[in-house]
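In what follows, a single structure is set out as structure tokens and then discussed.
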There are 2 protein chains.
Amino acid sequence: MNLRDLRYLLAVAEHGHFGRAAEACGVSQPTLSIQLRKLEETLGVTLFERTSKAVAPTTACARLIGHARAAVAEADALLAMARSLRDPLAGRFRLGIIPTLAPYLLPLVYAPLRAALPALEIEPWEEQTSALLERLRDHSLDAALLATEVDGPDLTSRELFAEPFLAALSPDHALAARDVVAEEELAADMLVLADGHCLRDQALAACGRSGALGGTLRASSLPTLLNMVAAGYGTTLIPGLAAGAARDAGLVLRPLAARAGRVVRIAWRSRFPRHAAVEGVADVIATRLRSFARGAAAGAV
Amino acid sequence: MNLRDLRYLLAVAEHGHFGRAAEACGVSQPTLSIQLRKLEETLGVTLFERTSKAVAPTTACARLIGHARAAVAEADALLAMARSLRDPLAGRFRLGIIPTLAPYLLPLVYAPLRAALPALEIEPWEEQTSALLERLRDHSLDAALLATEVDGPDLTSRELFAEPFLAALSPDHALAARDVVAEEELAADMLVLADGHCLRDQALAACGRSGALGGTLRASSLPTLLNMVAAGYGTTLIPGLAAGAARDAGLVLRPLAARAGRVVRIAWRSRFPRHAAVEGVADVIATRLRSFARGAAAGAV
DNA sequence: CGGCGTCCATAGATCATGTCTATTGATCGG
DNA sequence: CCGATCAATAGACATGATCTATGGACGCCG
């Protein structure tokens, strides 16, 4: 049994006439006659009482036709929905973002993304790198904004922009008097984020330390960390996009001598079919942040 | 798009594995792969993200799959219902019966019909001949029990049994003293049914009258007619099966000299597909009434 | 790190079947 | 009794579903 056969059945029931039903279905009358007879044979039920005068549905047909109508309607609904889902630049797009990036990047790119991809319903999801990678791999995210390389052939990534780190100091810190701070000078009293944040490892690596100091307080979020530094508990190293928030917290920011920084990338499953959506999002973010990256390259933030 | 394709889609979504899905569908893996790819092309939507490791439905697929499931379920329901409708000796059977027959025949044949055709749900419909023929022709009845021949090639009929008429008299009527009454003797004061009852015309014809007497009361039903005769308003001629009811009404019954009577037939549309049901019903009634017909032929009721 | 197994995609051949045009048969009306 | 109408049938044709065999990508394991 075929959906086409059910459409033929409905057409004959509606028109009560093989010729007109065939015309409505866009086929010849013999075709419709044959197919309907085959349907009757497969069902084992006579569907119509045929006369040269009229074609009347049997009672069996009357009881079956509701299901036929429902099946055809569902198939048509599926086709219509497929048409609306056809655009890869439309629909839900679940985008993971690491916590040290989300609060500072999203406000910058949200409006441009809406403007460039109006049909794309971006759902941000904030979590640490490893969790995002896991969610990418189990298909609960479509793409993720990270500050690390991704490994494995199942994932692909594209560089979006370079984000320089900055030394963040309380105004009364000794280094606050300097124009430029060398990364190693921060090592002595640097505060870092909790385990799992990629920024923690990158900050430690930038100033030549392999691990955090024993007993060092580990902030669970960047805003917390900024407040700790502002309160004079130590120094830290922040990503450039957080500069505004850091200044608002009353911190003094200084460029780094060796220009340590991180590269923000977008990552996705290599086989993810809506590649166009990923590229679209990536293009918008890269374009929006181009000036920022240029400024960073010039050493000015 | 095809119901088969939708079944393939559901199988792949369920198993997450082309090979096992193909096995479940009873086809080879390449077949399923090709058909699914074609489905993706016709829909314009990628349905699965394929890896050698796993096959994951896309978000678009997740939204479409509900409709696919519904369409397939409706089709399956249709097939299941068709299976149950396949037996022509099962299901509703709308049987018209003329009013001068129904109350006396139905009690005789109801139980035998239930016993012989347990799956046939017979729905009796009591109306006069012309209305029954109309309903037969417009498909609102499946068959009808009549006491007249039917004309036209669109209808067919089969004789079931012969039903003799009897003279019905009030006990104090002059003719009640006789053993046998000649049909013509009833003509003088015979009461008849209202227009439209075939019994009316047949009774008049039997006693040689072309029309009813002027001012004669025309009962709208046979029970009413019996009571009128019992009350002494005249004589009448009743169908044999009504003998019991007539005696209960206090009437005297006498056989007719010329053995006037009527033939009860079952009629149906020549193209009616459930011919087996008609034959089944006809056989049961003819068998049940065979003794009656023999008795009638022998002159004893 | 190289063979091996798993899994989906592709190629080419084959077979089933849906569709067409032309025609027949049945039925009805003038 | 003849012509019109309508569904069924016949035969040719083309599409398309399916199969087996094979290729290519990937992960596993010694």
Side-chain angles (χ1 to χ4, degrees), chain A residues 1-9 11-43 46-58 61 137-139 150-156 269-273, chain B residues 1-9 11-43 46-58 61 137 150-156 269-273:
Chain A
M1 192 179 66
N2 204 318
L3 275 172
R4 187 184 351 94
D5 300 335
L6 297 186
R7 292 185 200 277
Y8 291 166
L9 162 63
V12 173
E14 185 186 346
H15 292 94
H17 188 286
F18 276 67
R20 279 191 285 279
E23 190 180 4
C25 293
V27 295
S28 68
Q29 171 263 315
T31 296
L32 190 136
S33 281
I34 292 173
Q35 291 313 113
L36 203 60
R37 181 161 296 282
K38 281 189 183 177
L39 179 62
E40 288 181 325
E41 279 165 17
T42 60
L43 294 183
T46 302
L47 294 169
F48 293 97
E49 219 176 301
R50 298 149 170 86
T51 316
S52 61
K53 205 79 183 164
V55 176
T58 62
C61 179
R137 291 196 160 99
D138 76 1
H139 294 75
V150 298
D151 58 341
D154 57 333
L155 295 182
T156 310
R269 291 186 301 284
S270 312
R271 309 298 255 273
F272 182 58
Chain B
M1 191 180 65
N2 203 317
L3 275 172
R4 186 181 355 93
D5 299 337
L6 297 186
R7 292 185 200 276
Y8 292 167
L9 162 63
V12 172
E14 186 186 344
H15 292 94
H17 187 286
F18 277 67
R20 279 190 286 278
E23 190 181 3
C25 294
V27 295
S28 69
Q29 171 264 315
T31 297
L32 189 137
S33 281
I34 291 173
Q35 292 312 114
L36 203 60
R37 180 161 297 282
K38 281 189 181 176
L39 179 61
E40 287 181 326
E41 278 163 18
T42 59
L43 294 182
T46 302
L47 294 170
F48 292 97
E49 217 176 302
R50 299 146 168 89
T51 316
S52 60
K53 204 78 183 165
V55 177
T58 61
C61 177
R137 290 196 160 98
V150 297
D151 57 342
D154 56 334
L155 294 182
T156 309
R269 292 185 301 283
S270 311
R271 308 300 253 274
F272 182 57

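All chains are named by letter (A, B, ...) in the order of the sequence lines, taking the proteins before the strands, and each is independently numbered beginning at 1.
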Under 3.5 Å, is there a donor-acceptor pair between the B/Ser33 and B/Gln29 side chains?
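Their side chains do contain a donor-acceptor pair, which is all the 3.5 Å distance test asks for.
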What I want to check is whether the side chains of A/Thr156 and A/Ser270 have a donor and an acceptor closer together than 3.5 Å.
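Yes, A/Ser270 and A/Thr156 have a side-chain donor paired with an acceptor closer than 3.5 Å.
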Under 4.0 Å between a side-chain N/O of B/Arg50 and OP1 or OP2 of C/dA9, yes or no?
yes
For atom [atom1] of [X] and atom [atom2] of [N], their distance in whole Å:
| X | N | atom1 | atom2 | result |
| --- | --- | --- | --- | --- |
| B/Asn2 | C/dT17 | CG | P | 13 Å |
| B/Leu3 | D/dA17 | CG | P | 13 Å |
| A/Arg7 | C/dG18 | CZ | P | 16 Å |
| A/Met1 | C/dT17 | CE | C1' | 17 Å |
| B/Asp154 | C/dA26 | CG | C1' | 14 Å |
| B/Glu41 | D/dA17 | CD | P | 11 Å |

In residues 11-23 of chain A, which ones come under 4.0 Å of DNA chain D, going by heavy atoms?
A/His17, A/Phe18, A/Gly19
So, do [X] and [Y] sit near enough that their side-chain heavy atoms are less than 4.5 Å apart?
| X | Y | result |
| --- | --- | --- |
| A/Cys25 | A/Leu32 | yes |
| B/Leu6 | B/Met1 | yes |
| B/Glu23 | B/His15 | no |
| B/Arg137 | B/Arg269 | no |
| A/Leu36 | A/Phe48 | yes |
| B/His17 | B/Val55 | no |

Quick one, A/Tyr8 with A/Val27, criterion side-chain contact (heavy atoms from CB on, under 4.5 Å). Give me CA distance, side-chain angles, the key distance, then yes/no.
CA-CA 10 Å; A/Tyr8 291 166; A/Val27 295; 3.4 Å; yes
Residue B/Arg37, side-chain heavy atoms: nucleotide from C/dT10, C/dC8, D/dA7 that is nearest:
C/dT10
Footprint string (nucleotides 18-25 of chain D, 5' to 3'): B base within contact, S backbone only, - free, heavy atoms under 4.0 Å:
SBBB----
On DNA chain C, compare the nucleotides closest to B/Ser33 and B/Pro153; which residue's is nearer the 5' end?
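Its nucleotide being nearer the 5' end, the pick is B/Ser33.
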